[in-house]
Amino acid sequence: MNRKLQVLTALAALGVLAACGGGGDGDKGGAAGKDGAAGKTLNVYNWSDYIAEDTIPDFEKATGIKVTYDVFDSDEMVETKLLAGASGYDLVVPSLSFLGRQIQAGVFLPLDKSKIPNLANVDPLMLKRIALQDPGNKFAVPYLWGTSGIGYNVDKIKEIFGSTEAASSWDMVFKPENATKLKDCGITVLDTPSELIPIALNYLGEDPHSFDPAVIGKAAALLKKVRPYIRNFHSSSYIDDLANGDICVVVGWSGDVIQARDRAAEADNGVKIAYSIPKEGAPQWFDMLAIPKDAKNADNAYAFINYLLRPEVAAANTNFVTYPNAVPKSRPLVDAAITGDPTIYPPPEVDAKLFTFAVLPPEIDRLYTRTWTELKTGK
Ligand code: SPD
């Protein structure tokens with residue numbers, strides 16, 4: 001059964017298709033029910049490839065709220081809109097390290113938790129971890145999480161290096177003698193310094209959270225050495241590029257690479273894709289649901305957050321996009337192939353090597369941006 005059919009079948013079995021809305025979790029008496037027809041809209045800004053295809057239509061059927069859904073593929077894009085103000089969005093999904101800075105800039109509405117009864121479904125340990133950057137979990141709710149690592153074309157890597165062992169280390173992309181071998185089949189890296197600089201620092205044995213310009217300079221030097229072998233800087237097109245065999249390696253996000261693997265398998269095009277969390281360690285990040293303080297439809301945003309936290313909805317999203325969610329009760333509803341995949345749910349020994357991103361002070365954020373521009377333009 002293909003993934004779309006699996007999701008439909010699972011949702012039908014759970015009785016959440018059609019206009020039922022019956023999660024039994026307090027959704028029905030929520031904001032949606034109280035709004036007049038004119039207020040039945042919701043403007044959402046989420047990452048691309050980051051929601052099951054039925055989630056929005058099912059929410060619309062269940063609540064009568066019409067959703068306008070826009071996508072982005074970098075935290076920098078969301079941040080620019082939020083800091084400029086009047087974004088027009090009622091719900092945004094920044095990652096935790098950016099959210100920390102945006103909270104300080106005062107762009108979010110403090111959550112009225114009485115409007116999100118399903119907050120009780122969220123993993124308390126995750127909330128505790130997140131509270132380091134959002135004290136008291138005052139402004140945001142975790143949506144999905146993942147890691148950043150190496151996605152690769154299995155047959156190409158075997159052909160070039162003799163086995164896929166090479167993909168278990170960042171050496172494969174950061175040693176020029178390796179990267180040069182990948183130049184022709186194509187390397188893409190995420191188009192953001194917020195990922196690549198900490199990854200390079202960690203690889204060099206430095207603190208990935210360092211704010212020391214001299215230390216950050218070491219990451220810049222490393223990236224500069226392999227720059228000639230990087231074909232593309234992009235944070236979403238690599239899903240199809242990997243799946244079609246147009247590139248052979250990406251420094252990308254876990255679930256996106258697994259989606260590329262599944263797209264290739266569904267297309268039956270003979271391309272085999274795998275994802276590796278390199279042994280030197282890799283980033284772990286959390287993407288967060290937050291309401292801009294100038295949101296026009298905040299009550300509908302609460303209703304949507306609450307809907308996403310239903311176990312069956314969270315499971316459907318995880319099954320579709322292959323990123324873990326924050327709702328432990330969803331786990332029995334997630335495909336065993338996903339929960340049992342150590343590249344999606346890292347086992348404790350891998351987890352121990354993961355690091356999170358720091359909230360960058362403005363001057364370091366500017367240094368990151370400058371470093372990135374110089375790298376990309378070759379200056
Ligand atoms: N296609 C969805 C990707 C979500 C990635 N979020 C990562 C944020 C960490 N910087």
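Small disclaimer: the values here were computed from a predicted structure and weren't measured. For the single chain, residues carry numbers from 1 onward in sequence order. In each ligand, atom 1 is the first atom listed, and ligand 1 is the first ligand listed.
Residue-ligand proximity, Asp75 to ligand 1, at heavy-atom distances under 4.0 Å covers atoms 8 (C), 10 (N).
The shortest N or O to N or O distance between Glu195 and ligand 1 is below 3.5 Å. For ligand 1, the polar-atom distance check finds no N/O of Ser194 at less than 3.5 Å from any of the ligand's N/O atoms. The N/O atoms of Asp287, backbone and side chain alike, include one that comes under 3.5 Å of an N/O atom in ligand 1. Residue Asp256 has at least one N or O atom closer than 3.5 Å to an N or O atom of ligand 1.
In this structure, Asp256 contributes its side chain and Ile239 its backbone to no donor-acceptor pair below 3.5 Å. Of the possible polar contacts, none joining the Lys158 side chain to the Asn153 backbone as a donor-acceptor pair under 3.5 Å is found.
For Tyr323, the closest heavy-atom approach to ligand 1 falls below 4.0 Å.
Between Glu374 and Lys224, none of the side-chain N atoms (NZ, or NE/NH1/NH2) sits under 4.0 Å from a carboxylate O, so this pair counts as no salt bridge. Asp341 and Arg261 are joined by a salt bridge, as a carboxylate oxygen and a charged side-chain nitrogen come within less than 4.0 angstrom of each other. A salt bridge links Asp299 with Lys115: at least one charged nitrogen is closer than 4.0 Å to a carboxylate oxygen.
Surrounding NZ of Lys138 are at most 12 heavy atoms belonging to other residues, nucleotides or ligands under 6.0 Å away.
The closest protein non-hydrogen atom to atom 1 (N) of ligand 1 is Ser48 O, 2.7 Å.
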